[in-house]
Amino acid sequence: MVRFFDHIGEDWIVKAEVRRLCNFRQANLCAPSLPFNYDTGRFDVIFLRNVMLYFSQETRFALLAKVHRLLAPDGVLLLGSSEQPADSSLWTPVLAGGTCYYLPRQPS
């Protein structure tokens, strides 16, 4: 924790040198397309924790297909503990250290 975060009062704040390595973005996940440019690279990590449980199965399926295209081949998708990918043919689940995450499967 102390390597990557500063302890300020009761809070932990990510260090500036770590923030400079990150690119945080927001988007309407229900839109027909996501507003990200594939030419600037793909995402290494996508967090959708406790988001999809509010969506219909159809919306989940469409969203995860879009996310699959945005994620780097060696990238990681993190979902909430009660969420799973709608299309298991696109994702490989990995359980490590008590955390489940998903790796994108490459088309065969």
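The salt bridge (charged side-chain N to carboxylate O under 4.0 Å, His left out) analysis of residues 8-19, with sequence neighbours excluded, yields the pairs Asp6-Lys15.
Evaluation of the ring pair (Phe, Tyr, Trp, His ring centres under 6.0 Å) rule for Phe5 yields no partner, not counting sequence neighbours. Checked against side chain to side chain contact (heavy atoms under 4.5 Å, CB included), Thr59 has the following partners two or more places apart in sequence or in another chain: Cys30, Phe55, Ser56.
Gln84 and Met52 make their closest contact through O-CE, 4.0 Å (heavy atoms, listed as atom of the first residue, atom of the second, distance). Taking both residues in full, the closest heavy atoms of Gly80 and Asn50 are given as CA-OD1, 3.5 Å, listed atom of the first, atom of the second, then distance. Nearest heavy atoms, Pro35 versus Ala27: CD-CB, 3.7 Å.
Of the inter-residue distances, the one linking Phe61 atom CZ with Lys66 atom NZ reads 12.5 Å to the nearest 0.5 angstrom. Put simply, CZ on Arg105 and NE2 on His68 are 9.0 Å apart, with the number rounded to the nearest 0.5 Å. Residue Leu34 holds its CG atom at 8.5 Å from CZ of Arg69, rounded to the nearest 0.5 Å. Leu103 CG to Leu71 CG: the interatomic distance, rounded to the nearest 0.5 Å, is 8.5 Å. The CG atom of Leu29 sits 13.5 Å away from atom OH of Tyr54, with the distance rounded to the nearest 0.5 Å.
Hydrophobic clustering keeps Trp12 apart from Ile8 (ILVMFWY residues linked when any side-chain heavy atoms are closer than 4.5 Å, directly or through intermediates). Cluster membership for Phe4 and Ile13, using ILVMFWY side-chain heavy atoms within less than 4.5 angstrom, is not shared. Tracing side-chain contacts under 4.5 Å through hydrophobic residues (I, L, V, M, F, W, Y), one reaches Val14 starting from Met1; they form part of the same cluster.
Contact annotation: the side chain of Ser89 never approaches that of Trp91 to less than 4.5 Å [non-hydrogen atoms, C-beta and beyond]. Looking at Leu79 and Leu77, their side chains come closer than 4.5 Å, going by heavy atoms from C-beta outward. When side chains are defined from C-beta on, Leu48 counts as touching Leu63, because their heavy atoms get closer than 4.5 Å. Taking the side chain as every heavy atom from C-beta outward, Leu90 and Pro85 never approach each other to under 4.5 Å.
No option in Val67, Val76, Leu64 other than Val67 meets the side-chain contact (heavy atoms from CB on, under 4.5 Å) test with Ile46.
With Glu83 contributing its side chain and Arg49 its backbone, the two residues share no donor-acceptor pair below 3.5 Å. Checked by atom type and distance alone, the side chain of Arg42 never pairs as donor or acceptor with a backbone atom of Leu70 at under 3.5 Å.
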Intermediate values then yes/no, side-chain contact (heavy atoms from CB on, under 4.5 Å), Cys100 and Val94: CA-CA 6 Å; Cys100 184; Val94 177; over 6 Å; no
